[in-house]
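First the structure, in the form of structure tokens, and then the observations on it.
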Amino acid sequence: MNLKVEQTLNPKSLPDFQKLGFGQYFTDHIFMAHFERSKGWHSFELAPYKSLNLDPAASVLHYGQALFEGMKAFKRPSGQIVLFRPDFNYNRMKSGSERLCLEMPSYDIFLEGIKKLIQLDSHWVPDLPNTSLYIRPTLIGTEAFLGVRPSDKYLFFVILSPCGNYFGNDKPVEIWVEESFIRAAPGGLGATKAAANYAASLKAAHEAKKKGFTQVLWLDVNHKYVEEVGTMNVFFVFKDEVVTPSLEGTILGGGTRDSVLQILKHKGMNIKERRISIDEIISGIQSGQLTEAFGTGTAAVISPIGTLSYKNQKYVINNNQNGPLSLELRTFISNLQLGHQKDIYGWIHPI
Ligand code: COI
């Protein structure tokens, strides 16, 4: 990759790493790559963080050709910076790009762009407990053309945001089980990280927030089976098994979900990916068979679920406390990322 590098002349001041929250601060630089049907991928640049120059007719603005990823880098006590499972994120973005008829750069461009950007902004990688550098690779159609067809021009860019806890604190989340809106339908975009999925989720999430809930639990098109939380996949711990909804084409298969599945299988636990109805979950809470529930996501990490509200009834899980399995998983994954745990899965990529 022939990379043009322009360093900022006006570096920003670093935020207070103790008060990062999520997605509020952006580092000094951006990585960009451009695609044109006649030229392929070209003009690779590391530039000062800046606004995009987009034609008002760009296809992303009208027909929503937009796809993104969420991944993280960590600063270890030794000062070394590592990426967590970038190949997983690339593969998911690649398959999403096929579903959305977008052109995706090669893995080498993706990885080198991200690594060089982080090297340039390495002082932005926070090193306090429960902090990380959130990486947002994004792919959009930029051709100025109003006919409805895939764009012939694309922009791939990566921005970086130092972050702390996604929910602002470690308390178990309060979840609203959504009974009217749905996030995705069979044959649709649910399995991709398309910007459109997040647009579709905003109304229900906004309504739920007004009622005091943290997140929405989506059900399937028949309002029977549990799907995901939009920003997280979900796991339910029963006395005899751990269950997470199977990926039926409407759920986004998260990297943390996949990591948790591998870790629990390796521990020899009885873990099932299967369809699970909201009724089964409610009766599990009522009978005491369901002992713990948690969400998994890159941004959310492992977040215990304290309550579920369904049909105007609030159901409390594990006394609204962090459960032992979610705590164990969070500690294990964090130890692996920070180098306190041997990387037996090959998930760590040093920068
Ligand atoms: C992530 O976990 O990376 C997400 O994309 C969730 C949300 C911040 C959009």
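Both counts, for ligands and for their atoms, begin at 1 and track the order of listing.
- Using a 4.0 Å cut-off to heavy atoms of Phe68, the atoms of ligand 1 that qualify are 5 (O).
- Only the side chain of Lys193 comes within contact range of ligand 1, with a heavy atom under 4.0 Å; no backbone atom does.
- The environment of CG in Asn319 is sparse: at most 12 heavy-atom neighbours from other residues, nucleotides or ligands sit within 6.0 Å.
- Counting non-hydrogen atoms of other residues, nucleotides and ligands closer than 6.0 Å to CG of Asn169 gives a total above 12.
- Set against the non-hydrogen atoms of Ala299, the atoms of ligand 1 under 4.0 Å away are 1 (C), 2 (O), 3 (O), 8 (C).
- Per-residue contacts place Tyr198 under 4.0 angstrom from the following atoms of ligand 1 (heavy atoms of the residue considered): 9 (C).
- Numbered from 1 in the order shown, with element, the atoms of ligand 1 that lie under 4.0 Å from a heavy atom of Phe22 read 8 (C).
- Contact atoms of ligand 1 toward Tyr134: 1 (C), 3 (O), 4 (C), 5 (O) (distance under 4.0 Å to a heavy atom of the residue).
- Looking at atom 7 (C) of ligand 1, its nearest protein heavy atom turns out to be Thr231 CG2, 3.9 Å.
- Comment: Lys75 does not engage Asp127 in a salt bridge, judged by the lack of any side-chain N to carboxylate O separation of less than 4.0 angstrom.
- The Tyr166 neighbourhood of ligand 1 comprises atoms 8 (C), with distances under 4.0 Å to a heavy atom of that residue.
- Taking a 6.0 Å sphere around NZ of Lys342, one finds it holds 12 or fewer heavy atoms contributed by other residues, nucleotides or ligands.
- Counting non-hydrogen atoms of neighbouring residues, nucleotides and ligands closer than 6.0 angstrom, the CG atom of Asp240 exceeds 12 such neighbours.
- Using a cut-off of 4.0 Å between Lys/Arg side-chain N and Asp/Glu carboxylate O, Arg85 and Asp258 are scored as salt-bridged.
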